[in-house]
Protein chains: 2
Amino acid sequence: MANMASAKSAGMKSAGMKSTRTKSASPSVCCGSVADVPLDEASADALATAFAALADPARLRLLSLISSAEGGEVCGCDLVEPIGRSQPTVSHHLKILFEAGLVAKEKRGVWVWYRVVPGRFRELRAALA
Amino acid sequence: MANMASAKSAGMKSAGMKSTRTKSASPSVCCGSVADVPLDEASADALATAFAALADPARLRLLSLISSAEGGEVCGCDLVEPIGRSQPTVSHHLKILFEAGLVAKEKRGVWVWYRVVPGRFRELRAALA
DNA sequence: CCAAGACATCGACACTTGTCAATGTCTTGT
DNA sequence: ACAAGACATTGACAAGTGTCGATGTCTTGG
């Protein structure tokens, strides 16, 4: 019976003392990598939320449009047409990207200008180490 | 007038001839980064599907468990209890991870052993460039 | 051949998500 | 003050997703 398996699952439990204090990650993820052992539920939730923001074609294309814009920023008014969705839908997606910390926005007059947040992408890349 | 904006959205249209032939990416993503201009729909869909596989806490914890296992692989039988979900649910998640190319599996007798696919993670990290 | 155990599949259900039309809130030029 | 335009919010709906219990399919040891 090949079961170091059962044996293993029985004995391994003490390693649970993570430094849960990892910067407290206020709104979004911040730390915690897939390589962590074990990834605690809280970190997993935060990471999952972040990746969920990337799990939509429309949002990926928005990110692509924003990051490739000259000057590194784009007026929201220029994002609706290329995406091919309604204005409320684009607004919705931009909100999700913003709340995930993937983009920053700044209101200038009537317009809102968006730009990507490189540090956030670095974090997520690090989580895929 | 702050409107290079409207001007821009008006004039840019001819760029529509995508090279839809971008390697065809058979089962999963392969190419295409958020930094691509523009990210075509097909690449966006593929990338979104890949990130969707990462957009669940249970799956992230599975990846964490698998990648941190000694020898780099784990028997599926040891993944059910630590995740705290039913066996069918864990099986379901492993299937999604497998189909996303994030893990490989090998049947040995009654058991199935899982290991992560580093190259796949590299691809996704590259997409977040 | 049979019983046991590891996985997979199925059916069902609650919950989430992407989308749009309609409508609301600001800001600006007239 | 007003009309126009850029965004945001709301309400509704179809489609997708995570979860489980029940059941099916293999493989192995007896």
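Note on naming: letters A, B, ... go to the chains in the order of the sequence lines (proteins, then strands), and numbering restarts at 1 for each one. Small disclaimer: the values here were computed from a predicted structure and weren't measured.
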Problem set entry | side chain to side chain contact (heavy atoms under 4.5 Å, CB included) against A:Ala42, all qualifying residues, sequence neighbours excluded | A:Asp40

For this session: Can you sort out the partners of B:Ala58 under side chain to side chain contact (heavy atoms under 4.5 Å, CB included), two or more places apart, ordered by chain and number?
Result: B:Asp56, B:Ile83, B:Arg85, B:His93

For this session: Would you name the heavy atoms of A:Arg120 and A:Ala100 that are closest together and state the gap between them?
Result: NE-O, 2.8 Å

For this session: Kindly write out the residues that satisfy side chain to side chain contact (heavy atoms under 4.5 Å, CB included) with A:Pro57, not counting sequence neighbours, or none if the list is empty.
Result: B:Ala44, B:Asp45, B:Ala48

Exercise. So does B:Lys105 get a side-chain nitrogen or oxygen closer than 4.0 Å to the phosphate oxygens (OP1/OP2) of C:dC7?
Worked result: no

Exercise. According to a strict under-4.0 Å criterion, is A:Lys95 in side-chain N/O contact with OP1 or OP2 of D:dT9?
Worked result: yes

Problem set entry | Minimum-distance nucleotide (side-chain atoms of B:Val110 versus C:dC7, C:dT27, C:dA6) | C:dA6

For this session: For A:Gly109 and for A:Gly84, find the nucleotide of DNA chain C with the closest heavy atom, then tell me which residue's nucleotide is more 5'.
Result: A:Gly84

Exercise. OP1 or OP2 of D:dC7 sitting under 4.0 Å from any side-chain N/O of A:Ser91?
Worked result: no

Exercise. Please give, in whole Å, the distance from D:dT27 P to B:Lys107 NZ?
Worked result: 5 Å

Which atom pairs link the protein and nucleotides 12-16 of chain C when you take only N or O atoms and keep those under 3.5 Å?
none

Problem set entry | Heavy-atom pair with the smallest gap, counting every atom of A:Val90 and A:Val80 | CG2-CA, 4.0 Å

Seminar exercise, completed: Which of A:Leu102, A:Leu65, A:Leu79, A:Leu97 passes side-chain contact (heavy atoms from CB on, under 4.5 Å) with A:Tyr114? Answer is A:Leu79

Exercise. Mind checking what makes side-chain hydrogen bond (donor to acceptor under 3.5 Å, both in side chains) contact with A:Gln87, not counting sequence neighbours?
Worked result: none

Problem set entry | Length of the line joining B:Ile83:CD1 and C:dC7:C1', which is rounded to integer Å | 16 Å

Exercise. Which whole-number value in Å describes the distance from B:Asp78 CG to C:dG5 P?
Worked result: 16 Å

Problem set entry | Nearest-angstrom distance from the residue atom CZ of B:Phe51 to P of C:dT17 | 18 Å

Exercise. CZ of A:Arg108 versus C1' of D:dG5: gap in Å, rounded?
Worked result: 19 Å

For this session: List in chain and number order the residues that pass side chain to side chain contact (heavy atoms under 4.5 Å, CB included) with B:Val110, two or more places apart in sequence or in another chain; answer none if no residue qualifies.
Result: none

For this session: Record whether the side chain of B:Gln87 comes under 3.5 Å of the base of C:dA6 through a donor-acceptor pair of N or O atoms.
Result: no

Sub-3.5 Å pairs of nitrogen or oxygen atoms, protein against nucleotides 14-19 of chain D:
from: D:dG18; atom 1: OP1; to: B:Arg59; atom 2: NH1; distance (Å): 3.3
from: D:dG18; atom 1: OP1; to: B:Arg59; atom 2: NH2; distance (Å): 2.9
from: D:dT19; atom 1: OP1; to: B:Arg85; atom 2: NH1; distance (Å): 2.2
from: D:dT19; atom 1: OP2; to: B:Arg85; atom 2: NH1; distance (Å): 3.4
from: D:dT19; atom 1: OP2; to: B:His93; atom 2: NE2; distance (Å): 2.3

Problem set entry | Separation of atom CH2 in B:Trp111 from atom C1' in C:dA4, rounded to whole Å | 12 Å

Exercise. What does A:Tyr114 touch in the nucleic acid at a heavy-atom separation under 4.0 angstrom: a base, only the sugar-phosphate, or nothing?
Worked result: sugar-phosphate

For this session: Using the test salt bridge (charged side-chain N to carboxylate O under 4.0 Å, His left out), find all partners of A:Arg59 that sit at least two apart in sequence or belong to another chain.
Result: none

